[in-house]
Amino acid sequence: MPTVAMIGLTHPHSRMYLDTLDMVDEVTSLVLCDEDEGAAREIAGRTPKSVASYSDPGRALAPPGVTHALIALPN
């Protein structure tokens, strides 16, 4: 079962993506990442499948269980 790393939590579409990932049964857990570490922790606390939060994308992608990444950053 995949763990998805979501990078970019303050993007306007991020909440929609997180809600969708929370509803998809195949996604077992989420690793969250945003350069605003406080925002990452706050959003992780409101996201049921969240298992970790980071401010560094490299650290968010490093756990061996991360199989997918969703990146939502400004153009």
Side-chain angles (χ1 to χ4, degrees):
M1 295 290 194
T3 293
V4 176
M6 172 81 183
I7 299 171
L9 304 173
T10 55
H11 185 277
H13 299 130
S14 294
R15 185 75 250 168
M16 172 188 62
Y17 295 137
L18 286 170
D19 289 345
T20 300
L21 292 169
D22 272 336
M23 290 188 292
V24 175
D25 292 334
E26 290 80 11
V27 175
T28 57
S29 56
L30 298 168
V31 173
L32 305 180
C33 179
D34 195 274
E35 64 183 14
D36 180 346
E37 193 169 349
R41 279 194 305 268
E42 183 211 332
I43 292 167
R46 296 182 286 143
T47 305
K49 292 183 182 180
S50 173
V51 294
S53 63
Y54 299 97
S55 60
D56 174 19
R59 290 188 64 209
L61 296 171
V66 173
T67 57
H68 298 74
L70 193 157
I71 301 171
L73 298 174
N75 296 340

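Just so it is clear, the model here is predicted, and its values are computed rather than measured. Along the sequence shown, residues are numbered consecutively beginning with 1.
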Between [X] and [Y], which heavy-atom pair has the shortest distance, and what is it?
| X | Y | value |
| --- | --- | --- |
| Gly65 | Thr3 | O-CB, 3.2 Å |
| Ala60 | Tyr54 | CA-CD1, 3.6 Å |
| His11 | Pro74 | CD2-N, 4.1 Å |
| Val51 | Ser29 | CG1-CB, 3.6 Å |
| Gly8 | Leu73 | CA-CD2, 3.8 Å |

How long is the span from the [atom1] atom in [X] to the [atom2] atom in [Y], to the nearest 0.5 Å?
| X | Y | atom1 | atom2 | answer |
| --- | --- | --- | --- | --- |
| Arg15 | Thr10 | CZ | OG1 | 13.0 Å |
| Asp19 | Thr47 | CG | OG1 | 8.0 Å |
| Leu70 | Leu30 | CG | CG | 9.5 Å |
| Leu9 | Leu18 | CG | CG | 6.0 Å |
| Leu32 | Glu42 | CG | CD | 11.5 Å |

Verify same cluster id: Val27, Val31 (apolar side-chain graph, 4.5 Å): no
Cys33 vs Met6 side-chain heavy atoms within contact, under 4.5 Å: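 A side-chain contact is absent here, since even the closest heavy-atom pair is not under 4.5 Å.
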Non-hydrogen side-chain atoms of His68 and Pro2 separated by less than 4.5 Å: yes
Residue of the set Asp22, Val4, Leu21 for which side chain to side chain contact (heavy atoms under 4.5 Å, CB included) holds with Lys49: Asp22
Residues Arg41, Ser53; criterion side chain to side chain contact (heavy atoms under 4.5 Å, CB included); working and verdict: CA-CA 6 Å; Arg41 279 194 305 268; Ser53 63; 3.6 Å; yes
Ring geometry between His13 and Tyr17 (parallel below 30°, tilted from 30 to 60°, perpendicular above 60°): perpendicular
